[in-house]
Amino acid sequence: MSYQALYRVWRPQTFSTVVGQDAITQTLKNAVISGQTSHAYLFTGPRGTGKTSVAKILAKALNCLHLEDGEPDNTCVICTAINNGSQPDVIEIDAASNNGVDEIREIRDKAKYAPTEARVKVYIIDEVHMLSTGAFNALLKTLEEPPAHVVFILATTEPNKIPATIISRTQRFDFRRITSADIAGHLADILDSKDITYDEKALAIIARAADGGMRDALSILDQVLSFGDNHVTTENARDVTGSVTTADLGAFLKSVHAGDVAEGLATIDRILSAGRDAGRLIEDLISYARDLLVYQAAPKLMDEAEMALMDENFTTLAGNLATNWLYRVVDLLSSTQQQLKTTNQPDLYLQVATVRLAQLAKTPEAPTAMAATASAPADEDELTQLREQVSKLSQTVQELERRPQGGVNQASPAKPARSRQPKPSAKAKVNTAAIYPILAHATRDDLNALKDVWPDVLNRLSTIKRSMMNVSEPVAASRDGVIVSFDNDFYIERVTGDATLLQEMRDGLKAMTGRDEKVVLVEQSQWPRVRQNFIKEVGFKAKPEAAKDGAAPATSASVAPQAAQEAPTAPADSAPAAADTATEAPKPDTEDTKVVSELTDLFGKDNVDVVDD
């Protein structure tokens, strides 16, 4: 029989022989024992972590004729056929080469038929993320409700490329990278079973180079065995993996930290001349700096496999190199690593990186500390100034809090008194020239119609402008314009100064009502006084003039109705106003009664108060 690679010969055949995935194998074993297996599984994780191997073990466990504690016996007809790849009811598909809709449709059609020999028909789809969108859609319904005799096992290294609708229909198991200690232990078991001598340090080098994948580790071990004539030595392992000795790495960092550029360049030339790869050298340097940082921060986190790789000078170097300097080393080497990917002269970039690392040592951290110390007095001065400012502000606040308690007639500076005077005067200024014409023809029907479309008018504005107008409320409306109140004069100033907003409001009203209406603003606290003044100055004075001209008395009722609708009950100045109007132009009781009747019919009895003077 021809030679087989180690990773094929030593593929795990039971759950217990899977390395580094104890939680997953125990879960699947318990599910098989209890008979609570799912119809679909999704195995995800890096390469070489056991996804396909566990899928085959699960397929054997579901069909084994002599199941023992959830483990297949690997001796029955079904298990032997699965191990040989000749079992027709366990179908393994490579989705990378069978990623079309037709292949998935074929699976869907054949899944309907019962298994020929085994109890369960198992479909193992490897690299399932390579399926096309149409293939995923074709698989979706079958994966959701497969026949009772079908189990799907999907394996992938890139679960992010699988649709969420597929993932939600499966039980997902995430395979983790296998630790270097587990890999080295498994390699030692293999070599012991084959009676092959080896160095512990060589196994640690192979485990680290495998980067968490058991298949990669076994492939490297295969190469080392062929290179060293069935003997695994540290030197052979370094030659095969291209790794650099930790002694060389430590010597390089020690020389550049001392500012010795010549020694650093000589170390680089010696390593590259030995056939080491420049990219692997950069990677080893970064890993070595990382190990130094970890050892400085938490020595217990360094496992035995990693410490076995370190030379005797590692602990001394960790005590001599500053942490901040190692941070800068990692940053500079990472930048150089990116540059090596796009160049044909890696030696040049390594030499430049060596010079730059030596220059980092010439800019020690002491100046930085001195600068921080020098800046300390400046910080103290700033703190002192801030404390003084806070003290002054506190005194000012206390004075302001005591000022109202002293009474209004206390002697106070003239400037603050003058500064408070413009505010009331600003509030008192109302654009009666624009408000009175609207009130003269305002009606309740126009106001109700405006309130109905007001939300639609606001929705036509931008978000910022709409938020400003949300605090507004229409209080009067006629065919000539509308009056809008705000609870704060701040908003009135903002809206009045925004010509674009006013124009958008007019355009919105025109779109909703069909009329080009003028928008007038008033503060909510001033609106009752504005209504009362209008009734005094315009509403009741129009009646005698209308009577002299022979006009209908209803004019005064149409002039002042909306101004009176929200007026305060029994205002203090209504009696004198009524008395003045009675003196100027006495009217018959029948005419007053008619006016009151029209106002009551228009606005309701609850909104009109009649005061007999």
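Numbering of residues begins at 1 and proceeds along the displayed sequence.
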The test is side-chain contact (heavy atoms from CB on, under 4.5 Å); show your working for Gln338 and Ser335 and say whether it passes.
CA-CA 5 Å; Gln338 296 299 322; Ser335 176; 5.9 Å; no
Please walk me through it: do Val330 and Arg290 pass side-chain contact (heavy atoms from CB on, under 4.5 Å)?
CA-CA 8 Å; Val330 172; Arg290 170 258 181 196; 5.8 Å; no
Whether the side chain of Thr343 engages the backbone of Gln339 through a donor-acceptor N/O pair (distance < 3.5 Å, no angle test) should be reported.
no
Backbone N/O of Glu473 and side chain of Ser485: donor-acceptor pair under 3.5 Å:
yes
Run the numbers on Asn99 and Glu103 for side chain to side chain donor-acceptor pair (under 3.5 Å), then give the verdict.
CA-CA 7 Å; Asn99 57 2; Glu103 288 83 355; over 6 Å; no
So how far is it from Leu450 CG to Met512 CE, rounded to the nearest 0.5 Å?
12.0 Å
Where is the tightest heavy-atom contact between Asp446 and Ala477, given as atom of each residue plus distance?
CB-O, 3.4 Å
Counting C-beta onward and ignoring hydrogens, is there a side-chain heavy-atom pair between Glu158 and Glu127 closer than 4.5 Å?
no
Test side-chain contact (heavy atoms from CB on, under 4.5 Å) on Asp498 and Leu502 and set out the steps.
CA-CA 7 Å; Asp498 193 343; Leu502 291 175; 6.0 Å; no
Side-chain donor-acceptor contact under 3.5 Å, Asp174 with Thr44
yes
When the aromatic ring centroids of Tyr41 and Phe152 are compared, is their separation below 6.0 Å?
no
So, taking the atom named OG1 in Thr156 and the one named NZ in Lys51, what distance separates them when rounded to the nearest 0.5 Å?
8.0 Å
Show the numbers, then the answer: is there a side-chain contact (heavy atoms from CB on, under 4.5 Å) between Leu461 and Leu458?
CA-CA 5 Å; Leu461 304 176; Leu458 297 184; 4.2 Å; yes
With a 4.5 Å limit on heavy-atom distance, are the side chains of Lys161 and Phe136 in contact?
no
From CD1 (Ile93) to CG (Leu131), nearest 0.5 Å:
9.0 Å
So Pro437 and Lys518, do their side chains get closer than 4.5 Å, heavy atoms only?
no
Can you check whether Tyr123 reaches Ile153 side chain to side chain, under 4.5 Å on heavy atoms?
no
Straight-line distance of Leu332 CG to Arg356 CZ, nearest 0.5 Å
4.0 Å
Hey, is the main chain of Ile167 close enough, under 3.5 Å, to the side chain of Thr170 for a donor-acceptor pair?
yes
With side chains defined as the heavy atoms from C-beta onward, is the minimum distance between Ile286 and Gln337 less than 4.5 Å?
yes
Does Arg176 offer a backbone N or O that forms a donor-acceptor pair with the side chain of Gln21 under 3.5 Å?
yes
Counting C-beta onward and ignoring hydrogens, is there a side-chain heavy-atom pair between Leu42 and Gln171 closer than 4.5 Å?
no
If every non-hydrogen atom of Phe173 is compared with every non-hydrogen atom of Thr27, which pair is closest and at what distance?
CE2-CG2, 3.8 Å
So do Ile483 and Ile435 actually touch side chain to side chain, heavy atoms under 4.5 Å?
yes
Is any side-chain heavy atom of Val475 less than 4.5 Å from a side-chain heavy atom of Val484?
no
To the nearest 0.5 angstrom, please state how far the CD1 atom of Ile104 sits from the CD atom of Glu106.
9.5 Å
Are there over 12 heavy-atom neighbours, none belonging to Arg515, within less than 6.0 Å of that residue's CZ?
yes
Matching residue for Val482 among Leu521, Leu509, Val520 - test: side-chain contact (heavy atoms from CB on, under 4.5 Å):
Leu509
Distance in Å, Leu333 CG paired with Ile282 CD1, rounded so as to fall on 0.5 Å steps:
5.0 Å
What one should report as the nearest heavy-atom pair of Pro147 and Ala111 is CG-O, 3.4 Å
